[in-house]
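Proteins come first, then strands; the chains are lettered A, B, ... in the order of their sequence lines, and each starts at number 1. Everything numeric in this text was worked out from a predicted model, so none of it was measured.
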2 protein chains.
Amino acid sequence: MSAKVEKILERLQTTNTLDDLQSLIEHIRDTYDTEHVVYHSVSGSGQQYGALTYAPEWVDYYLEQNYTRLDPVVLGAIKQFNPMDWKRLDWNTPTKRNFLGEAISAGLGNQGYSVPIRGPNGQFALFSVNMDMNDDRWAKFTNERASDFLLLSHYVHERANRITGETDSFTMRDLSPREHDALAFLGMGEARSRIAEKMKISEHTLRVYIDSARFKLGAANTTHAVALAVSRGVVVL
Amino acid sequence: MSAKVEKILERLQTTNTLDDLQSLIEHIRDTYDTEHVVYHSVSGSGQQYGALTYAPEWVDYYLEQNYTRLDPVVLGAIKQFNPMDWKRLDWNTPTKRNFLGEAISAGLGNQGYSVPIRGPNGQFALFSVNMDMNDDRWAKFTNERASDFLLLSHYVHERANRITGETDSFTMRDLSPREHDALAFLGMGEARSRIAEKMKISEHTLRVYIDSARFKLGAANTTHAVALAVSRGVVVL
DNA sequence: CCCCGCCTCCCCATTTATGGGGAGTTATAA
DNA sequence: TTATAACTCCCCATAAATGGGGAGGCGGGG
């Protein structure tokens with residue numbers, strides 16, 4: 001582990017409030033001498049939290065415009081396992097180009113690197129660094145620090161979860177095997193009649209399982225139950 | 001980064017087949033002088049792959065008994081973000097105790113440490129080390145190597161994905177904003193009538209969006225479409 | 001032993017979703 | 001300009017899901 005990470009992790013131990021986290025993020029920015037550092041988390045229940053060094057006006061504007069829906073960094077990160085360089089993302093639509101222009105006007109550098117972080121319950125977070133640099137130096141910069149950023153993203157996320165009270169482990173009445181199977185089949189697009197056949201039970205019984213799974217998950221209808229189960233990783237498609 | 005990790009990552013560069021990966025896992029076991037090392041992955045589409053040092057009979061028996069359903073390590077890991085010590089898991093049911101007894105008979109050590117790994121599309125994997133050791137030494141052992149295991153789990157998973165051909169990023173015809181919104185509302189459990197109200201369109205129009213989203217996603221029905229969209233991260237609940 | 005949760009089966013009536021048609025506007029890209 | 005795709009609205013008939021009942025067997029934990 002690099003000395004830089006070690007020092008940051010030490011400081012992380014005493015990070016106990018959102019303000020601490022904010023200044024830790026700024027500390028990371030200073031340590032790595034980048035323009036910006038961003039930590040942004042979306043929990044399974046839709047609650048968002050971020051600690052970042054962008055200009056507040058840009059953050060407000062971004063949220064106002066609902067840019068999560070079209071920001072290539074977010075859209076790309078959700079579909080990837082590996083950390084990614086912003087250059088390799090798809091910027092080839094007018095709206096995205098426009099977004100890029102606005103971002104740069106807001107003081108963002110031309111280079112970016114983001115680490116996707118996934119937790120239970122469909123929790124998703126991003127740890128990004130951003131700065132102005134030419135391509136060659138940037139490639140070297142990110143390459144040498146890839147492991148640092150990986151570790152930092154993990155520990156920062158863990159700490160943020162602890163501070164915001166996101167429970168690390170998940171409390172939900174567990175689904176019974178049959179309920180689980182029923183939701184899994186539903187998620188695969190099977191019709192009730194076929195699921196009943198496959199599970200070798202009557203369609204009536206199947207209904208009981210779907211209903212009780214719905215109840216346990218607090219879902220309004222079957223689609224909702226399946227969506228919750230999938231997003232929480234209870235059923236894997 | 002520790003020298004050990006560095007050497008393993010170097011070797012990882014030339015790991016190009018499943019056999020290579022198997023021997024890499026054995027190499028990790030030897031490097032850290034543990035009893036066992038396990039990498040086990042379940043892709044979004046349900047395909048499983050593992051590279052591990054357990055006795056083949058135990059692996060076969062485990063799969064045969066469908067022990068993923070009750071193995072506290074798996075059940076615990078799915079609900080956690082942090083790596084975990086096996087001691088802290090719930091072993092307090094007869095079936096689980098029985099499982100533990102069988103595992104130890106099969107040559108597993110009394111101590112274990114597992115790192116959960118999550119990828120896009122509901123991909124989930126585990127990287128575990130196992131050995132015989134007393135509690136104090138084990139606590140020290142895992143504590144000192146926590147970062148190593150974190151990095152190893154990431155890079156091993158990435159490599160395994162590459163070898164098994166799991167696509168890192170997903171190509172799919174993009175959903176239009178209205179289609180996206182429709183699926184998002186459906187995932188939140190709203191009924192069509194209310195969604196139409198919220199989107200300020202007629203229910204007929206809403207149907208057109210749901211249908212075209214279904215078509216684009218290749219889904220059999222609405223529930224399927226929502227499940228796919230959620231599991232692929234196209235819509236975030 | 002008893003309770004609780006799981007598993008299984010059935011009925012009725014109502015609401016909702018789906019299948020299969022058609023049609024017009026607007027904006028953007030080739 | 002001419003597609004192409006997104007966005008909007010409508011009808012009819014059938015299939016599927018939901019709400020609200022009830023009931024019995026089986027196994028594990030307190």
Side-chain angles (χ1 to χ4, degrees), chain A residues 69-70 90-99 172-227 229 234, chain B residues 66 69-70 90-99 172-227 234:
Chain A
R69 287 249 166 102
L70 66 92
D90 176 25
W91 297 95
N92 282 324
T93 70
T95 37
K96 285 176 179 172
R97 265 191 236 280
N98 176 51
F99 168 75
M172 181 185 67
R173 280 177 71 195
D174 286 323
L175 297 177
S176 79
R178 299 302 257 175
E179 289 160 355
H180 180 279
D181 292 347
L183 289 191
F185 280 124
L186 285 168
M188 294 188 285
E190 301 285 355
R192 277 187 177 183
S193 52
R194 284 194 188 171
I195 298 175
E197 273 176 40
K198 289 197 178 184
M199 290 176 69
K200 288 173 186 162
I201 53 177
S202 75
E203 212 173 317
H204 308 283
T205 306
L206 176 61
R207 252 191 74 185
V208 176
Y209 295 140
I210 298 172
D211 287 350
S212 61
R214 241 202 359 251
F215 181 71
K216 285 180 180 174
L217 291 162
N221 52 42
T222 303
T223 301
H224 191 195
V226 173
V234 179
Chain B
N66 228 303
R69 282 248 169 106
L70 65 93
D90 177 24
W91 299 95
N92 281 324
T93 70
T95 36
K96 285 176 179 173
R97 264 191 236 280
N98 176 52
F99 168 75
M172 182 184 61
R173 274 180 75 194
D174 286 324
L175 297 177
S176 79
R178 299 301 257 174
E179 288 160 355
H180 181 281
D181 291 347
L183 289 190
F185 280 124
L186 285 168
M188 293 188 285
E190 301 284 357
R192 278 186 174 184
S193 51
R194 283 193 188 172
I195 299 175
E197 274 176 39
K198 288 196 178 186
M199 289 176 70
K200 288 170 186 164
I201 53 175
S202 75
E203 212 173 317
H204 309 282
T205 305
L206 177 61
R207 255 191 72 186
V208 176
Y209 295 139
I210 298 172
D211 287 351
S212 62
R214 244 205 353 254
F215 180 71
K216 285 180 179 174
L217 292 162
N221 52 43
T222 303
T223 301
H224 192 195
V226 173
V234 178

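One atom, CZ of A/Phe215, and another, C1' of D/dG19, lie 15 Å apart when rounded to the nearest Å. The distance from atom CD of B/Glu179 to atom C1' of D/dC7 is 10 Å, rounded to the nearest whole Å. Taking atom CG on B/Leu175 and atom P on D/dA5, their separation rounds to 15 Å, with Å as the unit. One atom, NE2 of B/His224, and another, P of D/dA17, lie 14 Å apart when rounded to the nearest Å. One interatomic measurement links the two molecules: CG of B/Asp181 to C1' of D/dC7, which rounds to 13 Å at whole-angstrom precision. Separating the CG atom of B/Leu206 from the P atom of D/dA6 is a distance of 16 Å, rounded to the nearest angstrom.
Proximity of B/Arg178 to the phosphate of D/dT8: a side-chain N or O atom is located under 4.0 Å from OP1 or OP2. Considering only side-chain N and O atoms, A/Ser176 lies under 4.0 angstrom from the phosphate OP1 or OP2 of C/dC7.
Minimum heavy-atom separation, B/Leu217 to B/Ala225: CD1-O, 3.5 Å. Between B/Gly187 and B/Val226, the shortest heavy-atom contact is CA-CG1, 3.7 Å. Shown here for A/Ala196 and A/Leu206, the closest heavy-atom pair between the two residues is N-CD2, 3.8 Å. Minimum heavy-atom separation, A/Asn221 to B/Gly189: ND2-O, 3.2 Å. The two atoms that bring A/His224 and A/Gly218 nearest to each other are CE1-O, 4.2 Å, heavy atoms only.
Applying the side-chain hydrogen bond (donor to acceptor under 3.5 Å, both in side chains) test to every pair with at least one member in residues 191-200 of chain B, sequence neighbours left out, gives these pairs: B/Glu190-B/Lys198. Residues in residues 206-215 of chain B take part in these salt bridge (Lys or Arg N to Asp or Glu O under 4.0 Å) pairs, two or more places apart or across chains: B/Asp211-B/Arg214.
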Derivation of the side chain to side chain contact (heavy atoms under 4.5 Å, CB included) call for B/Ile210 and B/Ile195: CA-CA 11 Å; B/Ile210 298 172; B/Ile195 299 175; 5.8 Å; no
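Heavy-atom distances under 4.0 Å link DNA chain D to B/Ile201, B/Ser202, B/His204, B/Thr205 of residues 193-205 of chain B, given in residue order.
Atom CG of A/Asp181 sits about 10.0 Å away from atom CG of A/Leu175, to the nearest 0.5 Å.
In terms of the side chain to side chain donor-acceptor pair (under 3.5 Å) criterion, A/Thr222 has no residue partners (sequence neighbours excluded). For A/Thr205, the side chain to side chain contact (heavy atoms under 4.5 Å, CB included) partners at least two apart in sequence or on another chain are A/Ile201, A/Ser202, A/Tyr209.
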Can you tabulate the close N/O pairs, meaning under 3.5 Å, that link protein atoms to atoms of nucleotides 18-21 of chain C?
from: C/dT18; atom 1: OP1; to: B/Thr222; atom 2: N; distance (Å): 3.2
from: C/dT18; atom 1: OP1; to: B/Thr222; atom 2: OG1; distance (Å): 2.7
from: C/dT18; atom 1: OP2; to: B/Arg192; atom 2: NH2; distance (Å): 2.8
from: C/dT18; atom 1: OP2; to: B/Thr222; atom 2: OG1; distance (Å): 2.6
from: C/dT18; atom 1: O4; to: B/Arg207; atom 2: NH1; distance (Å): 3.3
from: C/dG19; atom 1: OP2; to: B/Arg214; atom 2: NH2; distance (Å): 2.6
from: C/dG19; atom 1: N7; to: B/Arg207; atom 2: NH2; distance (Å): 2.6
from: C/dG19; atom 1: O6; to: B/Arg207; atom 2: NH1; distance (Å): 2.9
from: C/dG19; atom 1: O6; to: B/Arg207; atom 2: NH2; distance (Å): 3.3

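When each of C/dC6, C/dT8, D/dA6 is scored by its nearest atom to the side-chain atoms of A/Tyr209, the top-ranked nucleotide is C/dT8.
Helix bend of the helix from C/dC1-D/dG30 to C/dA30-D/dT1: the angle between its two end axes, each built from five pairs, comes to 70° after rounding to 10°.
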